[in-house]
Amino acid sequence: MWKFIVRRLFITMPQVLLLSVLVFLMAQMMPGDALSGQIDPNIDPAAIEAQREKLGLNDPWYVQYVDWVGSALHGDLGQSFRHKMPVTDLIGQRLANSFWLAVATLILTYLIAIPLGIISGRYNDTLRDQLITGYTYIGFATPLFIFALVSLWVFGFKLEWFPTGGSVAPGLEPGTFPYIVSKLQHLLLPALSMALITTVNTVQYLRSEIIDTKQKDFIITARAKGAPESRVYHRHILRNSLLPLAAFLGFEITGLIGGTIFVETIYSYPGMGLLFMDSITLRDYSVVTSVVLLLGVVSILGVLLSDIILSMVDPRIRIK
Amino acid sequence: MADTLLEVKHLNTSFRINDNYYAAVDDVSLTVNKNEVLAIVGESGSGKSALAFSIMGLHNRAKIEGGIFFKQQDLVGLPKSKLNKLRGDELSMIFQDPLTALNPLMNIEDQIGETILLHHKKLSRKKRKERVIDLLNQVGIPRPEQICEQFPHQLSGGMRQRVIIAIAIANNPELLIADEPTTALDVTIQAQILDLIQDLKESMHTGIILITHDLGVVAEMADRVAVMYAGQIVELADVHTLFEKPLHPYTRSLLHSVPNEGQDKLHVIQGIVPSLQHLPRQGCRFAERIPWLDGSAHEENPELHEVKPDHFVRCTCYRHFHFPAEREGWTHGIS
Amino acid sequence: MAFLEVKNLKVHFPVRGGLFNRKIDAVKAVDGVSFTIEQGKTYGLVGESGSGKTTTGRAIIGLNKITAGQVIFEGQGLTGKSSRVQKDVQMIFQDPYSSLNPRKRVLDLIAEPLRNYEKLTKQDELEQVIQLLKKVGLSQDSIWKYPHEFSGGQRQRIGIARAIALKPKLIIADEPVSALDVSVQAQVLNFMQEIQEELNLTYLFISHDLGIVKHMSDRIGIMYKGRFVEEGTTGEIFNSPQHIYTKRLVAAIPDIDPKKRSLQKHLRQEVQSEYKRSYHDYFDEQGHVYDLRNISDSHLAALPEKG
Amino acid sequence: MAELQAGATGRQEKSPSALKIMWRELARDKVALISFIFLLMVTVFVYGISLFLNQDEIVAVDLFEIHQPPTGEFWLGTDYGGRDVFGQLIIGTRNSLSIGILVTLMTGIIGVLYGLISGYFGGTVDNIMMRIVDFFLILPFLMIVIVFLAIVPKYDIFSFSLIMTSFLWMGIARLIRSKALQERELDYAQASKSLGTPEWKIMFSQVLPNLSSLIIVTMTLNLAANIGLESGLSFLGFGFPESTPSLGTLLGYARNPQTLEFRWWIWVPAAVLIFVLMLSVRNVGEALKRASDSRQRRG
Amino acid sequence: ACSDEDAGAEVEGKDDAEKGESAQDEVFSIDDFEQIKTNQGEAIEGGTLNFGLVSDTAFEGTLNFNFYSGNPDAQVISWFDESLLDVDENYAYTNDGAATLDVDREAKTITFKIRDNVNWHDGEPVTAEDWQFAYEVIGHPDYDGIRYGSDFTIIKGMEAYHNGKADTISGIEVIDEKTMKITYDTFTPSLLSSGIWSYAMPKHIFKDIPVADMSSSPEVREHPIGMGPFKVDSIVPGESVTFVKNEDYWRGEPNLDGVTLKVINPNVVVQALENGEVDLVDSFPTDQYPENADMSNVEFVGDVDLAYTYIGFKLGKWDADAGEVVPDPDAKMADVDLRRAMWHAVDNDAVGKKFYNGLRWNASTLIPPSHPDYHDDSIEAPTYDPDKANQLLDDAGYEDVNGDGIREDKDGNELVINFASMSGGDTAEPLAQYYIQAWEAVGLKVELLDGRLQEFNTFYDRVEADDPEIDIYQGAWSVGYDVNPAGLYGRDAAFNYTRYASEENDALLQEGVSEKAFDEAYRQDVYSKWQELMVEEIPVFPTVYRAVIIPVNNRVQNYAVDFKEGVGIYRYQLAVTQEEAVTAE
Ligand SMILES: Nc1ncnc2c1ncn2[C@@H]1O[C@H](COP(=O)(O)OP(=O)(O)OP(=O)(O)O)[C@@H](O)[C@H]1O
Ligand SMILES: Nc1ncnc2c1ncn2[C@@H]1O[C@H](COP(=O)(O)OP(=O)(O)OP(=O)(O)O)[C@@H](O)[C@H]1O
Ligand SMILES: [Mg+2]
Ligand SMILES: [Mg+2]
């Protein structure tokens, strides 16, 4: 087991390295830097130039890269030019928000997908299944951003059921109960709209997985043992169909990252997606770099996690 | 008859294809007694498995008509819950493909234990495990404690087939249906498995339906033999009669097409087994594969005749059939 | 000069794993096999599943890389890197359903080898294909059909037509009938024999069905775990098997006569107990097969030196 | 011989080709058929009509026609630049479709080639090529594309599609590679090999055609996804300038709450169109998928 | 003043279904807006005000006047900290603030005296040393902010300190605890109109923090203090800040108990106002005004913005070594008649009315009416007159020689003018399109650079670098309190993006900060002449002036637009008339 994890980690290393080079070069190619935004007649351009020099913005790229990697390894992702604070701190706040959003979305996704997928797969080609399939079609055809926009408008503005921006109501003491409630309130609508759209893949996947499993020979074996339908479903079909979802988790996380860009932008939810969008327009490239790097690493870890989970639950690939 | 275990009466099993029902098992009647092996032979697609699945009630969307009486109780139309009480307990089945018939995510103990659990709910976990190990010993698996913890993919084909047998015999069934239990196995292992089934019959007086297309296996194992062709039983007799004095052209052709001592050319049956949709539904179904026999040789509605006591043959064409030496060989295009 | 000579053939498949997917082990699918085949004869190769029969066949024709040893065909080596497929050696595959590309017409299927080796005009090609079809007993209008329109036996004949298109001398038939029903098997086996005579073909006939091998072969080699345990004429193998494994194999064949069943069972049990008893006489400490030794001129068995 | 050929062609009972099976399945499935016809009509209509439309005129700002609701002159009203929404919808659909199709084709070609090569060579080459694919797969796609779009100073429909393509080809490559690896081991490929057919020929003239239905299905489904992606990027403001409208551009206007609430005619038609387009493509794709999977075939 | 103004600005609002055509055609005028929220009713004791910071990005959280860079941060800081000096409506210093000043022009010194009751939130008095400390921090070589500019360099000894050659700034002298004297090298009228750095820094808090770490220190980001009417209570980074009143505020105890500030997205600002979630905002998107002009629970106040939008013509290059512009007489846009014709060709009046419903309006000179004493509206600037434009072009030799409807240059060669414009506001695209069309209408072929709008940073990068691809561009300047335009149009100004220079211009700009210019009337006259010169020479032409509009909930009293200087209303006076905000019907 440990060997397997270590081995997987070894495969992960070059990926992370490659990722870091890629994002760094990308950032370098961007026109302008943070200081080119400081257009103020009262400020001496020479002072701006001096700042550039001081921040190392005029060094050759590889020097900057090595510097950056070196400090990144020490947990220092540099300084945000815009926010005048360590990127790590900046990301820290946002990451927590995005993390909770992702967790809520994942929970909702599975909360929706598993029952629907099961019903749809178990009673395939019945009215129930057709309704659920209809939903998956609609979910597929509705771009996330349209859905999020319309839900914001309906549930946020018109019905006022949910707050329309931010991650928490102002003035609450962190850690207190109202604070947590407010946090939940703020992430529910974004999470829900993301979940409702992204879940359709999972529903469909589960459905076809169940239909597949239903036709497997070992299901017949189970029936021949005299197992009642309910047991056949729970013990044999479900277990075997849910397992591949574990492998999905990793890609689900990659997908979530894309989704957060839309959802956080639309709901002004201060997470990584919004930070990314802000930073890219502000050319705060140490932040862009770090966000992409970090989320890339999260994706890599997501896939790693999937692999590990899968290798633990699936005896066929379990490591001796 | 007191020791009649299973009586199948005019069984029709039809599958729905493009809004039409096609019978894969067509008016099959047979009986199985205690302590008896009834072999069912026939080419691929002749409806052997369909018959077995009908008896076990394992078909999903087939139309089943007729009667299947297991110890006088009609299984056709029996509620699922009652059927489940029988299945795996008094009535059980060994499946053909050891590679796919086991749940890949369950360990061996659980898979065998499940059958026991389902029918002996009160048995303690420990007792159950004991029984599982007992069964594994019985089917000749070495180191049963260790095997218990393992998963199907860790076992060889022969071992898996034994596990499947262990599942089938876990509750000492009265009727055991073995659907080509050895087709996927090597001869040496096949021999062991067949011996195992034989022992079972002897020790527990189980009635066994053995489905196979290997005549050698039939000769080794069966008490009585039913030959199926295109969904129908074309000949039914005890094993010696069948091998010594086969009557139906199909049976005779089959026996001739197996390589045997001193045989130079093998006999070839013309044509192919028609698919379910294209089965001739009128007249003798074997007629088109012996085209040199005149139509008048066949019955219009061939029936299973009891030509001698306990020897049944379908259609009268057997009386006219002889091997046409000149037609042997394979030089026939598609008809 | 032997027609086909296989000398100490080894085919090992690497098992990858470890940190960097390095080769950590090898499956010794074929591990030191030698035999010769005479022209015009059928050589049967039997053994249980996984014993390396297919791998041997594929190595000869060049579909598998040879790890060590030599394959000498008519005095010419087929070994090593020059695993170029020879026109003279062809193969018939086990499954007539999957060995024909379902999207190709019979014409294209049969013409494929011709197109690879011979530059023919369309017309000549068509004629040749029709000739081949005639030879395998299929009507000429079959050329425009697709494989799925044929029965298993007919498909296998299409496979054979392909194999003989280049007028090969040696055909490796890897379980050519095991996917077929008994009635169809006969058809194909008969045809293979006929065509052998007609074209003076040599077969390497691979099967795990001893009955069929017995029917077809002049000589038989018995494989076990990548090695030969016994080799001899059909009569020698069946009438006086020397190696315990051969005995066991022969004993396991169910007899078609129900009257002999108790006899058979008896024999089986005897062999089985002998097998258990004398296992160590026939296999070395690691369970490996010994090298073949001559019992008679034509009969070899893998028995330990001491006898 | 002539007679023979005549006789032979007379019995053209061909095995239904992949396309034919697909078409049959499509014709059987009413919803898919309607979707297909709808798609065809939209495509023909949009490309046809845009030949007659003057794009410059449509995207010309008219200070005196700003935010007109739908009228006889402006069927779907005008936007905040006084530009005809209907015309923009047509051009936008054309642009979105073009990008969608272009990306789908390019990812298809690259993915298929890559997958085939990787599957064909196998071994170390395959190992390395797949590590590259794995790497691309875990990249946060949307972010990287956005960064690229921010870097590239000037792009047209083609280079835009190229950027999207660079991060979208892996899915199909992986699929094709795994299928190619499987097919390569199948008996028919092995048989061809033993008959002396070179491996690349087996790959391209035998394996590839056998994968064609899979490729068609995957590309159809990808098309829907790509149209969605393009409009998403335009929505976020990383698409084309308003003078080259796409469906996403029109939808992007809805980020302005006034437009969202009071000027439905600007964004609702685009939203509906996107929805119906994606749904139709999906319907067709699913029907094709059923066609290619004989187990699921309806007839 | 920060000047990253977007060129385009926002969509003008439009008719909704009910309001129909009326809202669409409605044109507003800034003259109709009050600057101060007047209100009947009794103010209650205490109450909490909800302030909306309208931004689609989070505020950065550099909460100190000495370090912040973006406007959102400035909005946050101004609730809890303030300038020591007050100015009047013309942005000249007065003695009404927390400190008074005494100017000695001869000696080039100013002596500041901080009032006795001015204390930091932690109770420590605000001292002269605190103020001096601010100068020392900003002037410090390690300082990482952007404040170090001409305010500082003119102080005696500053350069030496800044270059690390001196440990102290010789020109800054602490006389006693509350008195500080600054000696300047040069002394200009600009200095007295907001040219002094007037924000102190609590030295007792910052003295042990290295300058380089200050901007990211918790003292700046997490629990900042100031001397303003409210104290920071809690911060949700980037999202919201709560303030409580500073009872010890030097002007007197604030009326309100506290203020809650939160960031709201421009897209939701109307809803937030309607349901009373926020009482007022820092800026209201003008495009949303027409539909919401009669929102029942708020009153809109407004003022002229200190900004203008303009079209600039590239006329030369920047010589970085010499630090001055080098005009190029052969530049594509060098012909002033071409430039004037382009001004005549565009209808900025219609742009203001149609795109901005009158909340932006035709501009004439480069000193906007936000400086009422200096803006000269008697100057006749070119207005929309396509015939005149055609005439001018014909006369100047830009004729259509090949009959394709597009004018060629004087030599008959193809003339394509490349136009850079930046993205940002919602109307940016149609506006740029409009200008291109308008120029095309007089036969000038103008093309958008790269076919698309430039993102803000790219735009300024390229404009700044004198990218040869750019012939003209649309920009916007937000103007400082000081009217002196030398920072934007001087020969040595890097921000002089058009790279225009002339002797006359030099002379006038010099004159504007001369000794004589301490005389207000004289200075007005100088800048009047300068405005006229710009209308003659047209290195740039202003397109529109702008208004700021702020909705204020009906319960709020004593609010002036951004607490505009000189109106005599201060934040501590803010009050509400009821506990809860009024919501819309
Ligand atoms: N679920 C089903 N739906 C439709 N047709 C079926 C189904 N199951 C079996 N058939 C058809 O019924 C016929 C009989 O099938 P069956 O499986 O009983 O044959 P078999 O004798 O067991 O053959 P084999 O030796 O290959 O196992 C075949 O033609 C088969 O195609
Ligand atoms: N490409 C391969 N890679 C790795 N191992 C292989 C490969 N091909 C065959 N083997 C292994 O080599 C051994 C011999 O296989 P081979 O197919 O030759 O056996 P066989 O005698 O033909 O068996 P069967 O009767 O089942 O066809 C088996 O253990 C098999 O798993
Ligand atoms: Mg069967
Ligand atoms: Mg094999």
Side-chain angles (χ1 to χ4, degrees), chain B residues 41-46 156-158 182 184-192 194-195 198 213-223 225 238-244 250 253-261 263-273 289 328-334, chain C residues 46-51 133 136-142 145 149-154 157 179-191 193-194 208-216 238 245 248-262 264-265 268-269 271-272 275:
Chain B
V41 272
E43 274 172 289
S44 184
S46 53
S156 71
T182 57
L185 305 176
D186 282 325
V187 264
T188 45
I189 302 165
Q190 163 171 306
Q192 291 168 26
L194 291 179
D195 289 348
Q198 195 91 47
H213 57 239
D214 186 336
L215 290 166
V217 170
V218 175
E220 288 255 338
M221 298 281 294
D223 297 315
V225 185
D238 80 85
V239 69
H240 298 284
T241 317
L242 197 96
F243 276 87
E244 271 156 41
Y250 179 59
S253 309
L254 270 188
L255 287 169
H256 268 80
S257 50
V258 186
N260 211 339
E261 213 90 28
Q263 206 177 359
D264 200 25
K265 281 274 169 198
L266 300 173
H267 172 70
V268 169
I269 308 175
Q270 266 202 39
I272 50 168
V273 188
R289 300 188 71 176
E328 268 176 33
W330 46 273
T331 44
H332 306 286
I334 324 143
Chain C
V46 210
E48 65 181 5
S49 181
S51 57
L133 276 177
V136 298
L138 292 173
S139 64
Q140 62 175 18
D141 58 351
S142 310
K145 291 191 180 178
E149 294 171 68
F150 296 90
S151 71
Q154 287 168 330
R157 283 190 237 162
L180 305 174
D181 257 318
V182 200
S183 54
V184 190
Q185 267 182 18
Q187 208 182 72
V188 174
L189 294 178
N190 285 349
F191 168 63
Q193 283 180 333
E194 277 169 36
H208 61 245
D209 187 328
L210 280 165
I212 291 172
V213 173
K214 186 178 173 188
H215 177 75
M216 295 293 286
F238 280 88
Y245 180 74
R248 197 166 160 234
L249 213 54
V250 172
I253 311 172
D255 200 291
I256 193 106
D257 187 352
K259 275 191 247 130
K260 289 190 198 148
R261 68 161 79 152
S262 48
Q264 267 287 336
K265 193 167 176 185
R268 256 202 323 267
Q269 275 160 356
V271 171
Q272 182 65 24
Y275 183 77

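By convention in this document, chain letters (A, B, ...) are assigned in the order of the sequence lines, proteins followed by strands, and residues within each chain are numbered from 1. Atom set for the values below is all heavy atoms of this structure, side chains included, hydrogens, waters and symmetry mates excluded. Treat the numbers as computed from the prediction; the structure is a model and nothing was measured.
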**Student:** If the threshold is 4.0 Å, N to carboxylate O, is there a salt bridge linking Glu220(B) and Lys265(C)?
**Tutor:** no
**Student:** With a 4.5 angstrom heavy-atom cut-off, which part of Arg268(C) approaches chain B: side chain, backbone, both or neither?
**Tutor:** side chain
**Student:** Drop me the distance from Leu266(B)'s CG to Gln185(C)'s CD, to the nearest 0.5 angstrom.
**Tutor:** 9.0 Å
**Student:** Answer yes or no: is there a side-chain heavy-atom contact under 4.5 Å between Thr188(B) and Glu48(C)?
**Tutor:** yes
**Student:** Looking only at heavy atoms, which two atoms of Pro259(B) and Gly211(C) are closest? And how far apart?
**Tutor:** CB-O, 3.9 Å
**Student:** Closest heavy-atom contact between Ile256(C) and Ala219(B)?
**Tutor:** O-CB, 3.3 Å
**Student:** Distance from Asn190(C) atom CG to Ser257(B) atom OG, nearest 0.5 Å?
**Tutor:**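 Reported to 0.5 Å precision, the distance equals 9.5 Å.
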**Student:** Identify which part of Ser44(B) has an atom lying under 4.5 Å from any heavy atom of chain C, answering side chain, backbone, both or neither.
**Tutor:** both
**Student:** Which distance, rounded to the nearest 0.5 Å, do you find between the CD of Gln272(C) and the CG of Asp195(B)?
**Tutor:** 9.0 Å
**Student:** Measuring from atom CZ of Arg261(C) to atom CZ of Phe243(B), what distance do you get when rounded to the nearest 0.5 angstrom?
**Tutor:**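 Reported to 0.5 Å precision, the distance equals 9.0 Å.
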**Student:** Side chain from CB out, backbone as N, CA, C, O: work out which of these in Lys214(C) comes under 4.5 Å of a heavy atom of chain B, or both, or neither.
**Tutor:** side chain
**Student:** Compare all side-chain heavy atoms of Glu244(B) with those of Lys259(C) and state whether any distance is below 4.5 angstrom.
**Tutor:**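 The answer is yes, as the side chains (C-beta and beyond) meet within the 4.5 Å cut-off.
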**Student:** At what distance, to the nearest 0.5 angstrom, does CG of Asp209(C) lie from CG of Asp186(B)?
**Tutor:**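 If I round to the nearest 0.5 Å, the distance is 11.0 Å.
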**Student:** Measure Leu189(C) against the heavy atoms of chain B and call it side chain, backbone, both or neither at under 4.5 Å.
**Tutor:** side chain
